[in-house]
Chemist: 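Mind having a look at this structure? Questions to follow.
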Protein chains: 2
Amino acid sequence: MAATPPAHLSPRKRPRQARAAATLDAIFEATIQVLLAEGLHRLTTTRVAERAGVSVGTMYQYFPNKQSLLYALNERYLDIVAEKVEKACRDKHGASTAEMVEALIDAYWRAKTERSDVTRALYRSAVELDNEALIEAFAQRVDAATIAMLSSASDASYVDLALINTTLLTVIFGTVRNVFERNLPTMLEADIRNQLATMCLSYLKAARIPEV
Amino acid sequence: MAATPPAHLSPRKRPRQARAAATLDAIFEATIQVLLAEGLHRLTTTRVAERAGVSVGTMYQYFPNKQSLLYALNERYLDIVAEKVEKACRDKHGASTAEMVEALIDAYWRAKTERSDVTRALYRSAVELDNEALIEAFAQRVDAATIAMLSSASDASYVDLALINTTLLTVIFGTVRNVFERNLPTMLEADIRNQLATMCLSYLKAARIPEV
DNA sequence: CCAATATATGAACAATCCTTCGCTTTGAGG
DNA sequence: CCTCAAAGCGAAGGATTGTTCATATATTGG
């Protein structure tokens with residue numbers, strides 16, 4: 001992710017030995033686990049360290065404070081999601097609009113579903129975190145990828161693709177989040193997913209400039 | 001809201017004198033203000049009481065703990081929003097689908113926009129709050145209202161209205177939230193609002209059973 | 001005007017929590 | 001093998017927070 005973290009959220013140093021890299025992984029994993037098992041308000045530096053099997057002091061050698069740990073965690077996660085979406089977009093370059101929409105929703109949905117508990121935990125961990133810039137960078141990255149894809153569509157072109165594209169992403173992101181915050185039956189979730197695809201597609205059809 | 005709060009979140013007692021009612025109002029208002037000015041992690045019982053101009057002890061006479069205060073606040077808020085949506089639905093009974101969609105989005109969007117800072121503060125206050133039942137009750141209440149409205153549409157009827165309706169609401173709720181979490185320029189917000197209406201409408205058009 | 005009840009007070013307590021720092025252990029390069 | 005930098009340790013300090021309770025004041029119905 002391009003966004004440079006605000007100074008007070010930047011990591012203190014990067015790991016130089018393999019041992020340190022492993023420690024960092026353990027810390028991140030422990031953070032997720034504590035988040036899941038205890039919730040954000042019981043997420044303690046000590047608890048995370050304990051769960052990771054390291055000492056608090058070790059944690060503070062990499063992160064200047066608790067927030068920066070959560071920031072880094074979100075950064076990691078968003079990076080992975082963005083990559084998946086970008087790949088999906090590249091793969092559908094030049095395809096039909098229907099295929100594109102389906103692939104986009106599929107990639108994003110799948111990325112969030114793979115470990116839906118983690119997804120939910122991270123949504124919550126981000127509260128009160130000064131990560132607007134992070135979200136913005138993520139949004140713009142995905143925005144660029146989908147615009148590139150859509151403008152290569154074999155069966156349509158649009159007057160105001162920028163707006164259409166932003167709308168599309170806002171709707172998809174928001175819907176996915178909303179579905180996961182409530183705890184809907186899996187079947188209904190799947191149904192909504194499909195309906196969402198239908199909705200996006202009919203939106204694009206209504207907005208396109210007919211081919212000559 | 002129908003949902004009975006979990007025992008540990010129920011208020012301790014209701015105000016019986018006018019004085020007490022005023023105190024409660026002050027406490028709620030203070031909670032919002034502290035939430036806005038300091039954020040959730042600095043929302044302290046003492047701080048809230050101070051801002052409300054009452055003593056901590058007073059607060060604890062009505063709420064058994066901090067969470068129950070936030071729960072009650074959300075309850076209040078959701079009740080207001082639900083009422084507005086219900087009213088909009090009643091007013092458009094028997095109208096055209098286009099009018100309905102426009103009115104629905106308008107009502108919900110307006111309810112959230114009126115004090116968008118408060119909206120955002122409340123979204124955050126609900127994190128880590130055991131309010132699933134509350135959200136569910138809200139969702140079902142709105143669901144019932146919109147289903148009643150849509151099934152009275154003068155120009156369309158649908159095969160699986162239940163699913164279509166749930167999808168519609170999930171998309172609208174999610175999109176609105178997503179727009180408010182990011183801090184988009186007001187102009188763009190308005191544009192997206194309109195695009196969302198277009199999208200919902202074309203979705204409904206695609207899904208309807210043609211009149212005979 | 002007088003109980004009886006409802007409200008309000010706020011100092012004090014016990015429980016965490018974040019962060020630091022002096023110290024030890026481990027790893028890598030020469 | 002030896003040395004220096006990297007990594008790891010964890011008790012302790014300082015600060016904050018949620019909640020209680022003994023006490024004081026206000027309101028109401030009779």
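It should be emphasised that the depicted structure is a prediction, and the values quoted were computed from it without experimental measurement. To find a chain, count down the sequence lines: A is the first, B the second, and so on, and within it residues start at 1.
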Chemist: With sequence neighbours excluded, give me every ring-ring contact (aromatic ring centres under 6.0 Å, His included) pair touching residues 112-135 of chain B.
Modeler: none
Chemist: Please set out all donor-acceptor pairs under 3.5 angstrom arising from side-chain atoms of residues 161-175 of chain A, sequence neighbours excluded.
Modeler:
from	atom 1	to	atom 2	distance (Å)
A/Asn165	OD1	A/Thr146	OG1	2.8
A/Asn165	ND2	A/Asp143	O	3.4
A/Asn165	ND2	A/Asp143	OD1	3.4
A/Asn165	ND2	A/Asp143	OD2	3.4
A/Asn165	ND2	A/Thr146	OG1	3.0
A/Thr166	OG1	A/Ala162	O	3.0
A/Thr167	OG1	A/Leu163	O	2.9
A/Thr170	OG1	A/Thr166	O	2.7
A/Thr175	OG1	A/Val171	O	2.7

Chemist: If a pair satisfies salt bridge (charged side-chain N to carboxylate O under 4.0 Å, His left out) and one of its residues is in residues 183-201 of chain A, list it, with sequence neighbours excluded.
Modeler: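 Sorted pair list: A/Glu102-A/Arg193, A/Asp106-A/Arg193.
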Chemist: Check every nucleotide of DNA chain D for an atom under 4.0 Å from a heavy-atom of chain A, then give the first and the last such nucleotide from 5' to 3'.
Modeler: D/dA6 to D/dG10
Chemist: What residues, two or more places apart in sequence or in another chain, satisfy salt bridge (charged side-chain N to carboxylate O under 4.0 Å, His left out) together with A/Glu181?
Modeler: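 Per chain and number, A/Glu181 pairs via salt bridge (charged side-chain N to carboxylate O under 4.0 Å, His left out) with A/Arg177, B/Arg177.
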Chemist: Any base atoms under 4.0 Å from A/Arg47, or only sugar-phosphate, or nothing? Heavy atoms, all strands.
Modeler: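 Answer is sugar-phosphate: A/Arg47 comes under 4.0 Å of backbone atoms only.
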Chemist: Which residue pairs satisfy the salt bridge (charged side-chain N to carboxylate O under 4.0 Å, His left out) criterion with at least one member in residues 23-46 of chain B, sequence neighbours excluded?
Modeler: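 Counting only pairs at least two positions apart or across chains, the salt bridge (charged side-chain N to carboxylate O under 4.0 Å, His left out) contacts touching residues 23-46 of chain B are B/Asp25-B/Arg76, B/Glu38-B/Arg42.
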Chemist: Run the numbers on B/Thr23 and B/Ile27 for side chain to side chain contact (heavy atoms under 4.5 Å, CB included), then give the verdict.
Modeler: CA-CA 6 Å; B/Thr23 301; B/Ile27 291 178; 4.0 Å; yes
Chemist: Give a yes or no answer on whether the side chain of B/Asn74 reaches the backbone of B/Ser125 with a donor-acceptor pair at less than 3.5 Å.
Modeler: no
Chemist: Just call it for B/Thr44: base, sugar-phosphate, or nothing, with non-hydrogen atoms closer than 4.0 Å on any strand.
Modeler: sugar-phosphate
Chemist: Anything under 3.5 Å between a donor and an acceptor, one on a side chain of residues 48-56 of chain A, the other on a protein residue two or more places apart or in another chain? List them.
Modeler:
from	atom 1	to	atom 2	distance (Å)
A/Arg51	NE	A/Gln33	OE1	2.9
A/Arg51	NH2	A/Gln33	OE1	3.2
A/Ser55	OG	A/Gly57	N	3.0

Chemist: Under 3.5 Å, is there a donor on one side chain and an acceptor on the other for B/Tyr77 and B/Thr119?
Modeler: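 Indeed, the side chains of B/Tyr77 and B/Thr119 share at least one donor-acceptor pair under 3.5 Å.
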Chemist: When rounded to the nearest 0.5 angstrom, what distance separates CG in A/Leu122 from CD1 in A/Ile32?
Modeler: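 A/Leu122 CG to A/Ile32 CD1: 5.5 Å, rounded to 0.5 Å.
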Chemist: If the condition is side-chain hydrogen bond (donor to acceptor under 3.5 Å, both in side chains), which residues does A/Glu114 pass it with, not counting sequence neighbours?
Modeler: A/Lys84
Chemist: Could you list by number each residue of residues 49-71 of chain A showing a heavy-atom separation from DNA chain D of less than 4.0 Å, or answer none if no residue does?
Modeler: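 Going residue by residue through residues 49-71 of chain A, the ones with a heavy atom under 4.0 Å of DNA chain D turn out to be A/Val54, A/Ser55, A/Gly57, A/Thr58, A/Gln61, A/Tyr62.
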Chemist: First and last nucleotide of DNA chain C touching chain A, 5' to 3', heavy-atom cut-off 4.0 Å?
Modeler: C/dC17 to C/dG27
Chemist: Can you see which heavy atom on A/Tyr60 is nearest to which on A/Asn65, and at what distance?
Modeler: CE2-CA, 3.9 Å
Chemist: Of all of residues 14-24 of chain A, which get a heavy atom below 4.0 angstrom from DNA chain D, listed by number?
Modeler: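 Only A/Pro15, A/Arg16, A/Gln17, A/Arg19, A/Ala20, A/Thr23 qualify.
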Chemist: By salt bridge (charged side-chain N to carboxylate O under 4.0 Å, His left out), which residues pair with B/Lys13, not counting sequence neighbours?
Modeler: none
